[in-house]
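All figures in this text were calculated on a predicted structure; none of them were measured in a lab.
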2 protein chains.
Amino acid sequence: MRLTTKGRYAVTAMLDLALHADRGPISLADISKRQEISLSYLEQLFSKLRQNALVNSVRGPGGGYRLSRGADQIFVAQIIDAVNESIDATNCGGAGNCQKGQVCLTHYLWCDLSEQIHQFLSGISLASLVERQEVKSVSERQEAQDKEQNLHLI
Amino acid sequence: MRLTTKGRYAVTAMLDLALHADRGPISLADISKRQEISLSYLEQLFSKLRQNALVNSVRGPGGGYRLSRGADQIFVAQIIDAVNESIDATNCGGAGNCQKGQVCLTHYLWCDLSEQIHQFLSGISLASLVERQEVKSVSERQEAQDKEQNLHLI
DNA sequence: CTAATAGTTGAGTAAAATACTCAGTTATAT
DNA sequence: ATATAACTGAGTATTTTACTCAACTATTAG
């Protein structure tokens, strides 16, 4: 099953973008600090997110990334599909050649499951996550920690 | 996400048991041949399946494994839970200490997803899989191949 | 009784996937 | 000019997974 830290990081980073959409382009360095994801790793992920037209980039000082469209038009499934190959619970990658070129005993079960997961995550937009109370409070906590760190630097 | 070949093999092997329940105890060697799963690996898996009271074992010649109860009383989720630690889409394993001891931004999303998957697989019994036409036809194909191989041995 | 069968256990290993780093390049604002 | 920050590709360390091996125990058939 293709749902790993990579996909989770990507969704987290995209949600961070959605939460700070009003601040103009957000740099990966900022996301890296807030979400504790390695900058280099984020660069890799955003390369794919950009290829899949989920974000736009702005280069140079003050630059960063923006969502390519409204947070209500971006869905979790799209993000995971962008960084992983796909959400797929089968062993054969959906090809159906699991046993000597033919389908194995449980092939259709895993197909059904993949479909189920995909539908679930296709129904969840970034906007709907932003609205959630738990997300709001975690985000506020992160903002507070962010300011605190900045004070120490002065 | 904890859904790998291990869990898939376990479900496949259990389904094999369910399909051949009328033949008395089924040896791992038989399952190994039919489902093309390494015997040593099956031994590992069945150790856990036995610990979780999903199968009973019969030692000695003519021995093997049997489902511990009716195929309508064993569900896919139970099998996967038995061999993997659990079906869990979070990074923290559900602990909620994903970011500096507190929950990360997307923690609840992954919790919801885990719940979703678990419910789906909890609703699918081995009996319901046995009834499926696709499973029947794959099983018949396997039986045919089995007989063919035995002929060659004589 | 003894030989063969088949489950039981634990330790160990090879391969693959994952997560992550590094070193550079390019574009742009100030 | 210079600093910033996106972009790219190659490379590596770690972890997980899948699998093997070797020994042991219980049971049954002959």
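Taking atom CG on A:Leu45 and atom C1' on C:dA19, their separation rounds to 10 Å, with Å as the unit. The CG atom of B:Leu28 sits 10 Å away from the P atom of C:dA6 (whole-angstrom rounding). Distance B:Leu42 CG to D:dT20 P: 11 Å, rounded to the nearest Å. Regarding A:Arg66, its CZ atom lies at a distance of 14 Å from the C1' atom of D:dA6, rounded to whole Å. Regarding B:Lys6, its NZ atom lies at a distance of 17 Å from the P atom of C:dA17, rounded to whole Å. The CD-C1' distance, from B:Glu36 to D:dA18, rounds to 16 Å in whole Å. Computed from coordinates, the A:Gln51 CD to D:dA6 P distance equals 16 Å when rounded to whole Å. At whole-Å resolution of the value, CG in A:Leu17 and P in D:dA5 are 15 Å apart.
Counting atom types as modelled, A:Arg59 pairs no side-chain N or O with a base atom of D:dT4 as donor and acceptor under 3.5 Å.
A close approach under 4.0 Å does not occur between any side-chain nitrogen or oxygen of B:Ser57 and OP1 or OP2 of C:dA6. Taking side-chain N and O atoms only, B:Thr4 has a distance below 4.0 Å to OP1 or OP2 of D:dA18. At C:dT8, one or more side-chain N or O atoms of B:Arg50 fall inside 4.0 Å of OP1 or OP2 (strictly under the cut-off). Distances shorter than 4.0 Å separate none of the side-chain N or O atoms of B:Ser47 from OP1 or OP2 on C:dG7.
Classified by interplanar angle (parallel below 30°, tilted 30° to 60°, perpendicular above 60°), the ring pair B:Tyr41/B:Tyr9 is perpendicular.
The backbone N or O of B:Leu28 sits nowhere less than 3.5 Å from a side-chain atom of B:Ser32 that would complete a donor-acceptor pair. Side chain of B:Ser68 to main chain of B:Ala53: a donor-acceptor pair is present (N/O by atom type, distance under 3.5 Å, no hydrogens or angles). In terms of modelled atom types and a separation under 3.5 Å, the side chain of B:Thr12 and the main chain of B:Arg8 share a donor-acceptor contact. One N or O on the side chain of A:His20 and one on the backbone of A:Asp16 form a donor-acceptor pair closer than 3.5 Å. Looking only at distances, a side-chain donor or acceptor of A:Ser27 sits under 3.5 Å from a matching main-chain atom of A:Asp30.
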I'd like a list of close polar pairs between nucleotides 20-24 of chain C and the protein, N/O only, cut-off under 3.5 Å.
unit_1, atom_1, unit_2, atom_2, d
C:dC20, OP2, A:Tyr9, OH, 3.4
C:dC20, N4, A:Gln44, NE2, 2.7
C:dT21, OP2, A:Ser38, OG, 2.6
C:dT21, O4, A:Gln44, NE2, 2.9

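Using a 4.0 Å heavy-atom distance criterion, B:Phe46 is classed as making no nucleic acid contact.
Between A:Ser47 and A:Gln51, the side chains place a donor N or O and an acceptor N or O closer than 3.5 Å (distance only, hydrogens not considered).
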